[in-house]
Amino acid sequence: MRVKKQKRHRRAVRFYTACFGFREPFKIFCDGTFVHHLVVNRITPADTALTNILGAPVKLFTTRCVLAELKSLGASYQEALNAANNLFTARCDHETRKSAEDCITEVIGENNSEHFFVATQDADLRRSLQKIPGVPVIFGLRNALFLEQPSSFQREFAKSSEEERLHMTDLEYNMLRQRKKRRLSDDKQGDSSDDASEEKIDDVSQAQIINTNVKRNGSDVKDKVRFKRKKAKGPNPLSIKKKKKKSVDTNFTTSGKENKNGEGTVRSRKRSRKRSRKNVVEGNA
């Protein structure tokens with residue numbers, strides 16, 4: 001049962017946030033009967049209990065008219081009055097005190113522009129609020145709190161408002177038609193100006209061609225078209241590989257010995273004579 005209750009509450013909160021623009025932290029408008037119910041059943045702290053229901057942080061509000069009504073009820077509601085004084089005070093602009101029901105109805109208005117959740121134990125007030133679009137209602141039952149499901153009127157209102165957002169209004173349709181006419185007229189003017197400019201460009205280009213083909217003596221006879229003959233060009237000097245110069249050394253002879261002039265010195269190779277094995281044996285003996 002507890003899981004189903006949480007799912008219902010989560011579904012209702014999602015409906016109000018998606019269709020009516022409720023945002024966190026949620027604002028809870030508490031009347032005197034609801035505050036008294038919280039005190040009697042020891043549902044404290046109240047903001048934590050309401051946060052568990054809605055799944056988001058909350059702020060609790062009341063009005064001066066509600067506080068005045070609790071004060072007029074006497075000592076039996078003194079504890080509830082002390083608890084209500086700790087809540088935020090919403091502006092009601094009532095010079096003379098009104099009943100809590102009338103005050104809440106005026107603050108909510110026709111469409112609940114302030115996005116209040118109304119927490120009350122008054123059954124008549126709960127029924128009247130269900131006929132106003134976008135007003136979620138919270139009530140208590142013993143030591144548990146509940147969020148009422150959206151009424152059929154609220155669901156129909158959300159559905160109709162969604163369909164209106166999908167379709168264009170008469171004002172938007174007229175604006176679209178005017179913009180389309182303006183664009184077509186601009187395109188026609190642009191095409192006419194483009195045609196005129198193209199004709200001017202063709203005339204200028206033809207005149208230039210005629211002037212270049214006319215002889216220098218001023219006659220109107222056109223010259224033949226002369227093409228430049230391509231001449232053979234030499235190779236790219238950067239791509240040519242340079243020739244290596246052969247240097248001849250006069251210091252050395254072909255045999256590798258030192259030159260007679262003595263200009264250069266080089267080691268002469270001496271052949272090492274291999275000693276025969278027989279001579280080696282005799283020497284050892």
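Along the sequence shown, residues are numbered consecutively beginning with 1.
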(Q) Does His94 form a side-chain contact (heavy atoms from CB on, under 4.5 Å) with Arg64? I'd like the steps, not just the answer. (A) CA-CA 9 Å; His94 294 148; Arg64 292 180 298 173; 5.7 Å; no
Q: Decide yes or no on side-chain contact (heavy atoms from CB on, under 4.5 Å) for Leu38 and Leu145, but give the supporting numbers first.
A: CA-CA 9 Å; Leu38 294 176; Leu145 300 178; 4.1 Å; yes
Q: Run the numbers on Phe34 and Asp122 for side-chain contact (heavy atoms from CB on, under 4.5 Å), then give the verdict.
A: CA-CA 8 Å; Phe34 185 77; Asp122 192 347; over 6 Å; no
Q: Please assess Thr120 against Asp31 for the test side-chain hydrogen bond (donor to acceptor under 3.5 Å, both in side chains), listing each intermediate value before the final yes or no.
A: CA-CA 6 Å; Thr120 179; Asp31 71 343; 2.6 Å; yes
Q | Pair Glu79-Arg42, salt bridge (charged side-chain N to carboxylate O under 4.0 Å, His left out): steps then yes or no | A | CA-CA 12 Å; Glu79 193 175 355; Arg42 303 300 175 185; 3.0 Å; yes
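Side-chain heavy-atom separations under 4.5 angstrom define the hydrophobic clusters, and the remaining members of the one that includes Phe146 are Phe139, Leu141. Other cluster members for Ile132: Phe29, Phe61, Phe88, Ile104, Val107, Ile108, Phe116, Val118, Leu125, Leu129, Val135, Val137, joined by side-chain heavy-atom distances under 4.5 Å among Ile, Leu, Val, Met, Phe, Trp and Tyr.
Val58 has its side chain out of reach of Pro25: every pair of non-hydrogen atoms, C-beta onward, lies at least 4.5 Å apart. Side-chain contact between Gln78 and Asn82: present, with at least one pair of heavy atoms (C-beta onward) separated by less than 4.5 Å. Proximity of Asn85 to Leu67: side-chain heavy atoms (C-beta onward) are separated by under 4.5 Å at one or more points. The shortest distance between side-chain heavy atoms of Arg11 and Arg14 falls below 4.5 Å. In this structure, the side chains of Ile138 and Ile28 come closer than 4.5 Å at one or more pairs of heavy atoms.
The main-chain N or O of Gly140 is found under 3.5 Å from a side-chain atom of Gln121 such that the two form a donor-acceptor pair. Checked by atom type and distance alone, the side chain of Asn41 never pairs as donor or acceptor with a backbone atom of Ile43 at under 3.5 Å. Side-chain atoms of Lys71 never come within 3.5 Å of backbone atoms of Leu81 as a donor-acceptor pair (strictly under, hydrogens ignored). Remark: side-chain polar atoms of Thr62 are not paired, donor with acceptor, to backbone N or O of Ala84 under 3.5 angstrom. A donor-acceptor contact shorter than 3.5 Å is absent between the side chain of His115 and the backbone of Thr17.
To the nearest 0.5 Å, the span separating OG on Ser152 from CD on Gln130 amounts to 8.5 Å. Note that OG1 of Thr33 and CD of Glu69 are 8.5 Å apart. Values are rounded to the nearest 0.5 Å. Cys92 SG to Glu106 CD: the interatomic distance, rounded to the nearest 0.5 Å, is 8.5 Å. Residue Glu148 holds its CD atom at 9.5 Å from CD of Gln154, rounded to the nearest 0.5 Å. Atom CG of Asn111 sits about 11.5 Å away from atom OG of Ser161, to the nearest 0.5 Å. How far NZ of Lys27 is from CD of Glu114: 4.5 Å, rounded to the nearest 0.5 Å.
Taking 4.0 Å as the cut-off between side-chain N and carboxylate O, Arg91 and Asp93 count as a salt-bridged pair. Arg127 has a carboxylate O that lies under 4.0 Å from a charged side-chain N of Asp124, or vice versa, which qualifies the two as a salt bridge.
For Asn174 and Gln178, the side-chain atoms include no donor-acceptor pair closer than 3.5 Å. Counting only N and O atoms by type, the side chains of Ser99 and Asp102 include a donor and acceptor under 3.5 Å apart.
When all heavy atoms are compared, the tightest approach of Pro136 to Tyr16 is CB-CE1, 3.5 Å. A pairwise comparison of heavy atoms in Ala100 and Val66 identifies CB-CG2, 4.0 Å as the closest pair. Nearest approach of Leu70 to Ala80, heavy atoms of both residues: CD1-O, 4.2 Å. Scanning both residues, Val39 and Ala83, for their nearest heavy atoms gives CG2-CB, 4.2 Å. Contact record, Leu87 with Cys30: CD1-CB, 4.3 Å, taken as the closest heavy-atom pair. Between Pro133 and Phe157, the closest heavy-atom pair is CB-CD2, 3.4 Å.
Stacking of Arg155 on the aromatic ring of Phe15 is recorded, both the 6.0 Å distance cut-off and the 45° axial limit being met.
Annotation for Asp170: atom CG does not count as buried by contact number, only 12 or fewer foreign heavy atoms lying within 6.0 Å.
For the side chain to side chain contact (heavy atoms under 4.5 Å, CB included) with Phe117, the lone residue among Leu54, Leu60, Asn112 that qualifies is Leu54.
The aromatic ring centroids of His36 and Tyr77 lie less than 6.0 Å from each other.
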